[in-house]
Amino acid sequence: MSVPVIIMGAGGRMGSTLTRLALESEKFVLAGVVERAEYSAGLESLGCPVAHDLEDALAAAPEAVVIDFTAPEVTLAAARVASRTGNPVVIGTTGLNGAQIAELEKLAVSCRMFWSPNMSVGVYALTRILPELSRILGEDYDMEITEIHHHHKKDAPSGTAVRLAQVLAGARGWDLADVGNYGRHGLPGARPARELGVHALRGGDVVGDHTVYFFGPGERVEVTHRAHSRENFARGALRAAVWLITREPGGLYGMDHLLGGLA
């Protein structure tokens with residue numbers, strides 16, 4: 001049985017990748033796409049309904065899973081619609097603030113909802129490995145993160161970098177709000193032991209590079225993840241869509257549920 005999907009922001013970089021992979025796979029039916037009128041030229045060639053509003057798209061495909069990699073405000077609006085209609089929704093949007101994530105958690109009570117700022121299996125593996133690496137190396141090793149993305153990316157640091165920082169801070173029992181440093185300039189003084197630097201670089205067409213550094217006495221350890229294409233994230237989202245339709249409403253699902261064996 002093929003899973004019907006509606007792709008939000010189908011004219012964008014991630015949206016176009018998602019639509020192509022859905023069309024290429026026998027596991028999915030592209031049941032519709034949603035895009036603003038000014039960016040929807042050519043989408044009719046996809047052979048599915050093109051809507052400028054999610055509710056209109058769902059009227060034509062009421063059983064579809066919604067996949068959204070757009071912007072926080074658009075994502076929240078889509079999640080509210082899905083919560084009312086009961087449609088499953090997979091969200092890969094980054095740049096959500098605490099209040100917006102809290103709203104997703106509230107909306108997820110009444111519908112099947114999955115959110116991850118990075119759908120990569122490799123990045124998920126890092127979130128599981130890094131706490132153990134931090135434990136083995138110990139607190140004599142200073143931790144820093146750099147991330148590189150294309151010059152079109154609007155949020156900084158990336159959602160993935162923030163997630164990695166949360167994992168590292170948690171491994172040491174720190175609150176990231178207290179120890180996070182998102183750029184240095186001037187004369188900030190010597191680096192304190194309880195600090196975690198997170199630094200964003202932007203340029204060119206880089207899909208996404210993340211490096212975690214452990215700087216110790218006489219050596220350093222670097223762990224890097226490089227995304228070669230957006231297909232990596234799109235395939236993760238489509239995998240989540242298949243998984244999500246077998247779940248029940250009641251909480252905001254994520255990569256720990258999909259890959260980590262959480263109920």
Q: Scan side-chain atoms only and decide if His210 and Ser158 contain a donor-acceptor pair under the 3.5 Å cut-off.
A: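 Yes, Ser158 and His210 have a side-chain donor paired with an acceptor closer than 3.5 Å.
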Can you confirm whether [X] sits close enough to [Y] that some side-chain heavy atom of one is under 4.5 Å from a side-chain heavy atom of the other?
{"X": "Val89", "Y": "Ile91", "answer": "yes"}
{"X": "Phe233", "Y": "Leu18", "answer": "no"}
{"X": "Met255", "Y": "Thr127", "answer": "no"}
{"X": "His199", "Y": "Ile145", "answer": "no"}
{"X": "Asn181", "Y": "Leu196", "answer": "no"}

For the atom pair [atom1] ([X]) and [atom2] ([Y]), what is the distance rounded to the nearest 0.5 Å?
{"X": "Asp68", "Y": "Ile6", "atom1": "CG", "atom2": "CD1", "value": "11.5 Å"}
{"X": "Thr211", "Y": "Arg226", "atom1": "OG1", "atom2": "CZ", "value": "6.0 Å"}
{"X": "Asn118", "Y": "His225", "atom1": "CG", "atom2": "NE2", "value": "6.5 Å"}
{"X": "Arg230", "Y": "Leu21", "atom1": "CZ", "atom2": "CG", "value": "12.5 Å"}
{"X": "Cys48", "Y": "Leu23", "atom1": "SG", "atom2": "CG", "value": "7.0 Å"}

Using modelled atom types and a 3.5 Å cut-off, is there a donor and acceptor pairing between side-chain atoms of [X] and backbone atoms of [Y]?
{"X": "Trp115", "Y": "Thr93", "answer": "yes"}
{"X": "Thr94", "Y": "Pro117", "answer": "no"}
{"X": "Arg112", "Y": "Ile245", "answer": "yes"}

**Q.** Qualifying residue for side chain to side chain contact (heavy atoms under 4.5 Å, CB included) with Leu258, from Tyr253, Tyr124, Phe114
**A.**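 Result for side chain to side chain contact (heavy atoms under 4.5 Å, CB included) with Leu258: Phe114.
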Q | Geometric class of the Trp243/His257 ring pair [parallel <30°, tilted 30-60°, perpendicular >60°] | A |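 Answer is tilted, since the angle falls between 30° and 60°.
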(Q) For Tyr213 and Phe215, take the angle between the two ring planes, folded into 0 to 90°, and tell me which bin it lands in: parallel under 30, tilted 30 to 60, perpendicular over 60. (A)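 The rings of Tyr213 and Phe215 lie parallel, inter-plane angle below 30°.
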Under 4.0 Å between a side-chain nitrogen and a carboxylate oxygen: does that hold for [X] and [Y]?
{"X": "Glu231", "Y": "Arg20", "result": "yes"}
{"X": "Arg135", "Y": "Glu132", "result": "yes"}
{"X": "Arg184", "Y": "Glu195", "result": "yes"}

Q) Step by step, would you call Val5 with Val29 a side chain to side chain contact (heavy atoms under 4.5 Å, CB included)? A) CA-CA 6 Å; Val5 293; Val29 172; over 6 Å; no
Q: Using the test side-chain hydrogen bond (donor to acceptor under 3.5 Å, both in side chains), find all partners of Arg202 that sit at least two apart in sequence or belong to another chain.
A: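 Once residues adjacent in sequence are excluded, the partners of Arg202 under the side-chain hydrogen bond (donor to acceptor under 3.5 Å, both in side chains) criterion are Glu147.
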Q: Any salt bridge (Lys or Arg N to Asp or Glu O under 4.0 Å) involving residues 164-182? Give me the pairs, sequence neighbours left out, ordered by first then second residue.
A: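 For residues 164-182, and leaving out neighbouring residues, there are no salt bridge (Lys or Arg N to Asp or Glu O under 4.0 Å) pairs at all.
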Q | Nearest non-hydrogen partners of His52 and Ser40, listed with the distance | A |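 What the structure gives for the nearest pair is CE1-OG, 3.6 Å.
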